[in-house]
Amino acid sequence: MKELLIELVRKGLERCFADGTLSSGLLPTIIIEKPAHADHGDFATNAAMLLAKAEKKAPRAVAETLIKHLEGSADICDRVEVAGPGFINFHVKDDAWRTTLLAIDRAGADYGQSRIGGGERVQVEFVSANPTGPLHIGHGRGAAIGDTICRLLAVTGWDVTREFYYNDAGQQIVNLALSVQARCLGLEPGDPRWPADGYQGDYIMDVARSYLAREKVDADDQHVTAAGDPHDLDAIRRFAVAYLRREQDQDLTAFDVHFDVYSLESSLYADGRVEAVVRRLIESGHTYEQDGALWLRTTDFGDDKDRVMRKADGSYTYFVPDVAYHLDKWERGFTRVINEQGADHHSTITRVRAGLQALNVGVPKGWPEYVLHQMVTVMRGGQEVKISKRAGSYVTLRDLIDEVGRDATRFFFVMRKPDSQLVFDIDLAKQQTLDNPVYYVQYAHARIRSIFENAAEKGFVPPETGSAPLGRLATQEEMTIIKTLAAFPEVVEGSALNFEPHRITYYLQELAGQFHSFYNKNRVITEDVELTAARLFLLKCVARTLKNALAMLGISAPEKM
RNA sequence: GCGCCUGUAGCUCAGCUGGAUAGAGCAACGGACUUCUAAUCCGUAGGUCAGAGGUUCGAAUCCUCUCAGGCGUGCCA
């Protein structure tokens with residue numbers, strides 16, 4: 001609908017310029033928006049106000065001129081009028097609105113999709129948790145946001161690759177192996193022989209027990225059988241990594257999050273990519289030695305201080321393999337890469353980009369793109385649940401899924417825009433009441449299915465496309481719903497382009513609310529066969545749109561509740 | 001000190017990239033079940049958009065400064 005009007009206005013302006021009634025010839029970017037108030041019509045454009053200055057005429061006068069040159073508007077609109085300081089308001093015909101239902105029904109499961117991505121490849125890296133413990137609530141938010149962004153990009157025409165990167169080589173992993181070994185030997189935290197930075201969580205005991213029992217673990221990307229020898233630290237390390245990766249995979253699977261590619265930091269060292277990047281950075285002239293360390297002059301690329309690449313002990317700081325990894329992404333041909341991360345790691349952005357710029361291989365300055373999510377605090381019983389990773393006490397993603405369910409957990413994680421800190425109220429998420437938005441939305445879907453079941457018993461079936469007497473849809477509630485349904489593709493597009501999954505949750509709540517409102521005022525199944533058919537058709541479109549939107553969030557649309 | 005994020009109704013948050021009279025859900029108050037799911041709906045009340053300047057036809061939105069909170073600012077990741 002919006003596109004039709006943009007085209008209408010554009011042609012109108014061209015006519016004005018052609019016959020000289022408007023002289024500037026400046027074609028502004030035509031913006032069609034939805035006015036805040038219903039009396040201002042369905043759509044409005046500010047084109048005349050934008051042109052007023054160049055035309056040296058009053059905005060309203062420009063608007064009047066433009067309206068006279070809009071041809072074909074009568075097909076779509078009842079009224080087109082100048083309003084306020086110079087807006088042009090479009091009042092779209094009810095029939096034009098009703099017609100959109102046919103397109104929705106025809107599109108079916110594809111309704112809401114578009115091709116703005118043009119089939120371009122895009123890689124999204126998210127979660128990327130190190131295999132040193134279970135996924136916590138912060139990873140959960142990252143998983144939900146990252147996966148939803150992938151789903152949104154996929155339905156808007158991108159070719160999406162989901163990637164998970166993890167560190168299986170650094171000091172953290174050594175600490176992990178030492179911790180498991182300590183447990184194998186029966187040590188406990190506090191023992192003088194307990195490793196200095198050991199992991200104290202109980203899950204370490206599970207790893208040790210499994211290792212000693214010579215179990216075999218299958219992660220998505222790793223398959224390891226335990227050696228069982230408590231003195232073989234290398235074998236313990238390999239086993240522990242695979243074990244914890246498997247745990248993470250199980251959690252992610254339960255969350256309906258799946259990856260196409262796993263990238264290991266160790267592989268960057270093993271095949272020399274890290275060394276190669278260091279060599280190329282030195283050749284670039286952006287490095288120097290000082291205090292026994294090798295530095296990258298990241299201040300050449302907007303950082304506020306230079307950063308150490310190679311420490312005095314000869315090992316590399318974390319961002320060097322990060323640069324090597326991102327160079328690899330670039331060389332794999334991903335011109336578009338999005339990294340979803342916690343905002344607590346935002347300092348890596350400048351460093352990774354600086355490293356890539358220093359390499360001078362044609363990487364654009366803003367590449368890769370980042371979506372950062374702010375912290376999550378967990379509330380239970382009105383109290384904040386404190387997180388202490390060292391002591392091993394924190395709310396895991398698994399806890400949440402088990403306790404509040406996958407659907408509610410996913411909904412809550414994407415309900416706020418990533419930039420906002422999120423308060424995850426476990427009690428609220430668990431409630432199966434109207435306070436809980438995910439149930440509110442799902443209930444709308446289940447309710448419609450229930451109506452269909454009821455209708456079927458009376459011999460009514462939602463009509464096929466084209467055969468529905470749409471003209472019978474005339475109440476205010478019905479028209480409101482139709483207009484909301486018609487806006488869905490734009491909402492999806494905006495949500496995808498801005499990496500803002502929360503827009504879908506707001507849309508869902510709005511549509512569900514409008515349906516509930518309609519339901520309470522109108523009966524669907526009545527003696528009036530035509531009206532019944534029309535309303536069943538409308539509800540078919542509502543259920544379809546709810547289901548499609550929920551699917552974009554990885555949330556189910558239940559038939560019954 | 002510096003960088004990033006945030007500040008909108010009592011609470012939790014939207015506000016479509018600068019539009020017309022700033023919205024929703026909770027909480028509060030008052031209503032609606034002999035009818036397709038009351039897990040619902042209808043109504044009332046609630047605002048110095050943190051504050052001060054600026055940009056322009058027009059600012060919650062853009063710029064500057066101030067205040068408050070979070071996160072970073074490591075030869076940790």
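Since this is a predicted model, take the numbers as computed values, not measurements. The figures that follow rest on heavy atoms only: side chains count, while hydrogens, waters and symmetry mates do not.
- In this model, the phosphate group of rA38(B) is approached by a side-chain N or O of R447(A) to a distance below 4.0 Å at OP1 or OP2.
- Between E559(A) and R449(A) there is a salt bridge, since a side-chain N of the basic residue sits under 4.0 Å from a carboxylate O of the acidic one.
- Without hydrogens or angle criteria, R237(A) side chain to L176(A) main chain gives no donor-acceptor distance under 3.5 Å.
- We find that E33(A) and K2(A) are not joined by a salt bridge, their nearest charged nitrogen and carboxylate oxygen being 4.0 Å or further apart.
- N454(A) comes within 4.0 angstrom of sugar-phosphate atoms only, judged by non-hydrogen atoms across all strands, and of no base.
- At least one test fails for R535(A) against the ring of F518(A): distance under 6.0 Å to the centre or angle within 45° of the axis.
- Applying the 4.0 Å criterion to OP1 and OP2 of rC33(B), one finds that Y519(A) has every side-chain N and O outside that range.
- Here the separation of rU64(B) from rG72(B), taken at their P atoms, is 25 Å to the nearest Å.
- Nucleotides rG47(B) and rA9(B) have their P atoms positioned 10 Å apart, rounded to a whole Å.
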List every contact pair, protein side and nucleotides 75-77 of chain B side both N or O, where the distance is under 3.5 Å.
{"from": "rC75(B)", "atom 1": "O2", "to": "A312(A)", "atom 2": "N", "distance (Å)": "2.9"}
{"from": "rC75(B)", "atom 1": "N4", "to": "D291(A)", "atom 2": "O", "distance (Å)": "2.9"}
{"from": "rC76(B)", "atom 1": "OP2", "to": "K311(A)", "atom 2": "NZ", "distance (Å)": "2.8"}
{"from": "rA77(B)", "atom 1": "OP2", "to": "Y318(A)", "atom 2": "N", "distance (Å)": "3.1"}
{"from": "rA77(B)", "atom 1": "O4'", "to": "Q172(A)", "atom 2": "NE2", "distance (Å)": "3.3"}
{"from": "rA77(B)", "atom 1": "O3'", "to": "N167(A)", "atom 2": "ND2", "distance (Å)": "2.9"}
{"from": "rA77(B)", "atom 1": "O2'", "to": "N130(A)", "atom 2": "ND2", "distance (Å)": "3.4"}
{"from": "rA77(B)", "atom 1": "O2'", "to": "Q172(A)", "atom 2": "NE2", "distance (Å)": "3.4"}
{"from": "rA77(B)", "atom 1": "N6", "to": "Y318(A)", "atom 2": "OH", "distance (Å)": "2.8"}
{"from": "rA77(B)", "atom 1": "N3", "to": "H345(A)", "atom 2": "NE2", "distance (Å)": "2.8"}

Could you spell out the base pairing of RNA chain B in dot-bracket, with Watson-Crick or G-U pairs whose two distances are under 3.5 Å, [ ] crossing and | to another strand? (((((((..((((.....[...)))).(((((.......))))).....(((((..]....))))))))))))....
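- Separating the C1' atom of rG10(B) from that of rA28(B) is a span of 9 Å, rounded to the nearest Å.
- By the 4.0 Å N-to-carboxylate-O rule, E403(A) lies close enough to R380(A) to be salt-bridged with it.
- Straight-line distance between the C1' atoms of rU17(B) and rC26(B): roughly 29 Å, to the nearest whole Å.
- In rU44(B) the base sits anti relative to the sugar, since the glycosidic angle is further than 90° from 0.
- In this structure, W295(A) and Y288(A) have parallel ring planes: the angle between them is below the 30° cut-off, well short of the 60° mark.
- Base orientation at rC62(B) is anti, since its O4'-C1' glycosidic dihedral falls outside 90° of 0.
- What separates CG of N520(A) from C1' of rC41(B) is a distance of 4 Å, to the nearest Å.
- V80(A) places a side-chain heavy atom less than 4.5 Å from the side chain of I88(A).
- Residue N522(A) is in base contact, counting any heavy-atom pair closer than 4.0 Å across all strands shown.
- Using a 4.0 Å heavy-atom criterion, one finds that A52(A) contacts no nucleic acid atom at all.
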Ring pair (Phe, Tyr, Trp, His ring centres under 6.0 Å) between F164(A) and F126(A): does it pass, once the steps are laid out? CA-CA 6 Å; F164(A) 186 115; F126(A) 60 113; 8.3 Å; no
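- Between Y519(A) and F515(A), the ring planes lie tilted relative to each other; the angle falls in the 30° to 60° range.
- Taking 4.0 angstrom as the limit, K53(A) places a side-chain polar atom (N or O) nearer than this to OP1 or OP2 of rC57(B).
- R353(A) has its CZ atom 12 Å from the C1' atom of rC4(B), to the nearest Å.
- Ion pairing of R273(A) with D328(A) is present here, as a side-chain N (NZ or NE/NH1/NH2) and a carboxylate O approach within less than 4.0 Å.
- For H91(A) and F43(A), the ring centers sit 6.0 Å or farther from each other.
- If you check every strand for non-hydrogen atoms under 4.0 Å, H346(A) touches a base.
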Letter by letter from the 5' end, nucleotides 14-22 of chain B scores (B base, S sugar-phosphate only, - none; protein heavy atoms under 4.0 Å) SSBB-BBB-
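- Comparing L422(A) and G513(A) against RNA chain B, the residue whose closest nucleotide sits nearer the 5' end is L422(A).
- Salt bridge annotation for K329(A)-E163(A): absent, with no cationic side-chain nitrogen under 4.0 angstrom from a carboxylate oxygen.
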